[in-house]
Amino acid sequence: MCTQRRKHEDESASQPHIKKPRNAFMLFLNEQRPKVSAEKGMKSSAAVNAAVGQMWKSLSKEEQAKYYEEAEVERRLHAQLYPNWSSADNYGKKRKRVRSRTPATTGKYAV
DNA sequence: TGGCCTTTGAAGGTT
DNA sequence: AACCTTCAAAGGCCA
(Lines give C-alpha, C1' and ligand atoms only; values in the text may rest on other atoms or scores of the structure.)
Protein backbone atom coordinates (compact mmCIF):
# COMPACT_ATOMS: atom_id res chain seq x y z
CA MET A 1 0.00 0.00 0.00
CA CYS A 2 1.20 3.45 -0.78
CA THR A 3 0.26 5.31 2.33
CA GLN A 4 2.36 3.49 4.86
CA ARG A 5 1.74 6.24 7.37
CA ARG A 6 5.07 6.97 8.94
CA LYS A 7 3.24 7.50 12.20
CA HIS A 8 4.99 5.89 15.11
CA GLU A 9 3.16 3.63 17.48
CA ASP A 10 2.62 6.45 19.94
CA GLU A 11 0.48 8.32 17.43
CA SER A 12 -1.37 5.37 15.96
CA ALA A 13 -1.87 3.73 19.31
CA SER A 14 -3.49 6.79 20.81
CA GLN A 15 -5.25 8.34 17.80
CA PRO A 16 -4.37 7.00 14.34
CA HIS A 17 -5.28 10.30 12.70
CA ILE A 18 -9.03 10.34 12.91
CA LYS A 19 -10.72 10.84 9.59
CA LYS A 20 -13.34 13.49 9.07
CA PRO A 21 -16.88 12.18 9.48
CA ARG A 22 -18.02 10.95 6.09
CA ASN A 23 -20.94 12.69 4.45
CA ALA A 24 -24.01 11.03 2.90
CA PHE A 25 -22.21 10.46 -0.42
CA MET A 26 -19.27 8.69 1.09
CA LEU A 27 -21.74 6.23 2.58
CA PHE A 28 -23.58 5.92 -0.72
CA LEU A 29 -20.28 5.61 -2.56
CA ASN A 30 -19.04 2.79 -0.35
CA GLU A 31 -22.21 0.86 -1.14
CA GLN A 32 -22.45 1.53 -4.85
CA ARG A 33 -18.76 1.73 -5.73
CA PRO A 34 -18.09 -2.07 -5.70
CA LYS A 35 -21.34 -2.66 -7.58
CA VAL A 36 -20.77 0.01 -10.20
CA SER A 37 -17.11 -0.86 -10.62
CA ALA A 38 -18.07 -4.48 -11.26
CA GLU A 39 -20.95 -3.79 -13.64
CA LYS A 40 -19.36 -0.88 -15.46
CA GLY A 41 -15.92 -2.41 -15.31
CA MET A 42 -14.72 0.92 -13.95
CA LYS A 43 -11.33 0.44 -12.40
CA SER A 44 -10.48 3.98 -11.48
CA SER A 45 -12.48 5.30 -8.59
CA ALA A 46 -12.61 8.76 -10.15
CA ALA A 47 -14.88 7.43 -12.92
CA VAL A 48 -16.93 5.38 -10.47
CA ASN A 49 -17.37 8.29 -8.08
CA ALA A 50 -18.60 10.45 -10.94
CA ALA A 51 -21.01 7.73 -12.06
CA VAL A 52 -22.34 7.24 -8.55
CA GLY A 53 -22.73 10.98 -8.31
CA GLN A 54 -25.18 10.79 -11.22
CA MET A 55 -26.96 7.88 -9.56
CA TRP A 56 -27.33 9.95 -6.45
CA LYS A 57 -29.25 12.56 -8.41
CA SER A 58 -31.67 9.81 -9.46
CA LEU A 59 -32.40 8.89 -5.87
CA SER A 60 -35.71 9.92 -4.32
CA LYS A 61 -35.49 12.62 -1.69
CA GLU A 62 -36.45 9.98 0.88
CA GLU A 63 -33.58 7.78 -0.25
CA GLN A 64 -31.21 10.70 -0.15
CA ALA A 65 -32.56 11.71 3.26
CA LYS A 66 -31.73 8.21 4.48
CA TYR A 67 -28.06 8.78 3.81
CA TYR A 68 -28.15 12.24 5.35
CA GLU A 69 -29.52 10.69 8.53
CA GLU A 70 -26.91 7.96 8.50
CA ALA A 71 -24.22 10.56 7.96
CA GLU A 72 -25.65 12.56 10.83
CA VAL A 73 -25.44 9.50 13.05
CA GLU A 74 -21.79 9.15 12.12
CA ARG A 75 -21.25 12.74 13.28
CA ARG A 76 -22.81 11.70 16.63
CA LEU A 77 -20.59 8.67 16.88
CA HIS A 78 -17.56 10.72 15.95
CA ALA A 79 -18.51 13.36 18.52
CA GLN A 80 -18.97 10.70 21.19
CA LEU A 81 -15.63 9.05 20.47
CA TYR A 82 -13.78 12.33 20.10
CA PRO A 83 -15.84 15.13 21.74
CA ASN A 84 -13.00 17.58 21.30
CA TRP A 85 -11.82 16.43 17.92
CA SER A 86 -11.52 19.00 15.20
CA SER A 87 -11.67 17.98 11.58
CA ALA A 88 -8.44 19.88 11.11
CA ASP A 89 -6.55 16.64 11.60
CA ASN A 90 -5.18 16.68 8.08
CA TYR A 91 -6.18 20.12 6.90
CA GLY A 92 -3.53 21.35 4.50
CA LYS A 93 -1.55 18.11 4.79
CA LYS A 94 -2.65 16.74 1.45
CA ARG A 95 -2.28 19.55 -1.04
CA LYS A 96 -5.28 19.02 -3.26
CA ARG A 97 -4.11 19.87 -6.78
CA VAL A 98 -4.54 23.53 -7.79
CA ARG A 99 -6.23 25.72 -5.24
CA SER A 100 -9.45 26.87 -6.82
CA ARG A 101 -11.12 23.61 -7.72
CA THR A 102 -14.30 24.91 -6.23
CA PRO A 103 -17.23 25.37 -8.64
CA ALA A 104 -17.50 28.91 -7.31
CA THR A 105 -14.42 29.82 -9.30
CA THR A 106 -15.62 28.93 -12.77
CA GLY A 107 -17.53 25.71 -12.37
CA LYS A 108 -14.32 23.85 -12.92
CA TYR A 109 -10.89 24.23 -11.41
CA ALA A 110 -9.14 27.21 -12.89
CA VAL A 111 -7.36 26.47 -16.14
C1' DT B 1 5.64 5.93 -3.82
C1' DG B 2 2.81 9.74 -3.53
C1' DG B 3 -0.40 12.72 -5.86
C1' DC B 4 -4.03 13.13 -9.40
C1' DC B 5 -8.54 12.55 -10.99
C1' DT B 6 -13.43 12.46 -9.28
C1' DT B 7 -18.18 13.09 -6.35
C1' DT B 8 -20.96 15.83 -2.88
C1' DG B 9 -21.16 17.18 1.94
C1' DA B 10 -19.21 18.95 5.87
C1' DA B 11 -16.31 21.86 8.18
C1' DG B 12 -12.06 24.21 8.88
C1' DG B 13 -9.74 28.27 7.36
C1' DT B 14 -9.64 32.76 5.52
C1' DT B 15 -11.64 37.12 4.65
C1' DA C 1 -21.15 36.13 8.80
C1' DA C 2 -20.02 34.87 4.44
C1' DC C 3 -17.03 32.92 1.23
C1' DC C 4 -13.27 29.65 -0.05
C1' DT C 5 -10.31 25.92 0.48
C1' DT C 6 -9.36 21.09 2.06
C1' DC C 7 -10.55 16.12 3.51
C1' DA C 8 -13.45 12.52 3.66
C1' DA C 9 -13.22 7.58 -0.15
C1' DA C 10 -10.34 5.36 -3.35
C1' DG C 11 -8.16 2.70 -7.65
C1' DG C 12 -5.96 3.06 -11.77
C1' DC C 13 -2.48 6.03 -13.79
C1' DC C 14 1.65 9.32 -14.06
C1' DA C 15 6.04 11.55 -12.69
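Note that this is a predicted model, so its numbers are computed, not measured. Chain A is the first sequence line, chain B the second, and so forth, proteins listed ahead of strands; every chain is numbered from 1.
- Met42(A) and Met55(A) fall within a single hydrophobic cluster, where Ile, Leu, Val, Met, Phe, Trp and Tyr side chains are chained together by heavy-atom contacts under 4.5 Å.
- Nearest-nucleotide assignment on DNA chain C puts the 5′-proximal partner with Asn23(A), out of Ser44(A) and Asn23(A).
- Closest-nucleotide positions on DNA chain B for Leu29(A) and Lys93(A) were compared, and the one nearer the 5' end corresponds to Lys93(A).
- A straight line from CZ of Phe28(A) to C1' of dG9(B) spans 14 Å, rounded to a whole angstrom.
- Checking side-chain atoms of Arg75(A) against main-chain N and O of Pro21(A) turns up a donor-acceptor pair under 3.5 Å.
- Within residues 48-69 of chain A, the residues having any heavy atom closer than 4.0 Å to DNA chain B are, in order of number, Asn49(A), Ala50(A), Lys57(A), Tyr68(A).
- The CD1 atom of Ile18(A) sits 5.0 Å away from the CH2 atom of Trp85(A) when rounded to the nearest 0.5 Å.
- Atom CG of residue Leu27(A) and atom CD of residue Glu69(A) lie 12.0 Å apart, to the nearest 0.5 angstrom.
- The distance between atom CD of Gln32(A) and atom C1' of dT7(B), rounded to the nearest whole Å, is 13 Å.
- Note on Arg33(A): a side-chain N or O is less than 4.0 Å away from OP1 or OP2 of dA10(C).
- As judged by a 4.0 angstrom heavy-atom cut-off over every strand, Ala88(A) is placed among residues touching the sugar-phosphate backbone only.
- Out of dC7(C), dC5(B), dA9(C), the shortest distance to the side chain of Ala46(A) is found at dC5(B).
- Not a single donor-acceptor contact under 3.5 angstrom links the side-chain atoms of Ser87(A) to the base of dA11(B).
- Between the side chain of Tyr91(A) and the base of dG12(B), a donor-acceptor pair under 3.5 Å is found.
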Item checked: Intermediate values then yes/no, side chain to side chain donor-acceptor pair (under 3.5 Å), Lys61(A) and Gln64(A) -> CA-CA 5 Å; Lys61(A) 62 179 182 181; Gln64(A) 292 177 8; over 6 Å; no

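- Here Ser58(A) pairs with nothing under the side chain to side chain donor-acceptor pair (under 3.5 Å) rule; sequence neighbours left out.
- Of the candidates dC7(C), dG12(C), dA9(C), dA9(C) carries the atom nearest the Lys19(A) side chain, counting heavy atoms from C-beta on.
- Here the P atom of nucleotide dT5(C) and the NZ atom of Lys20(A) are 14 Å apart, to the nearest Å.
- Counting only heavy atoms from C-beta on, Asp89(A) has its side chain closest to dC7(C) among dA9(C), dC7(C), dA11(B).
- Comparing Lys43(A) and Pro21(A) against DNA chain C, the residue whose closest nucleotide sits nearer the 5' end is Pro21(A).
- Taking atom CG of residue Asn90(A) and atom C1' of nucleotide dG13(B), one finds them 15 Å apart after rounding to whole Å.
- The separation between Glu74(A) atom CD and dC7(C) atom C1' is 15 Å, rounded to whole Å.
- What separates CD of Glu70(A) from P of dT8(B) is a distance of 19 Å, to the nearest Å.
- A straight line from CZ of Arg75(A) to C1' of dG12(B) spans 13 Å, rounded to a whole angstrom.
- Of the inter-residue distances, the one linking Tyr67(A) atom OH with Met26(A) atom CE reads 13.0 Å to the nearest 0.5 angstrom.
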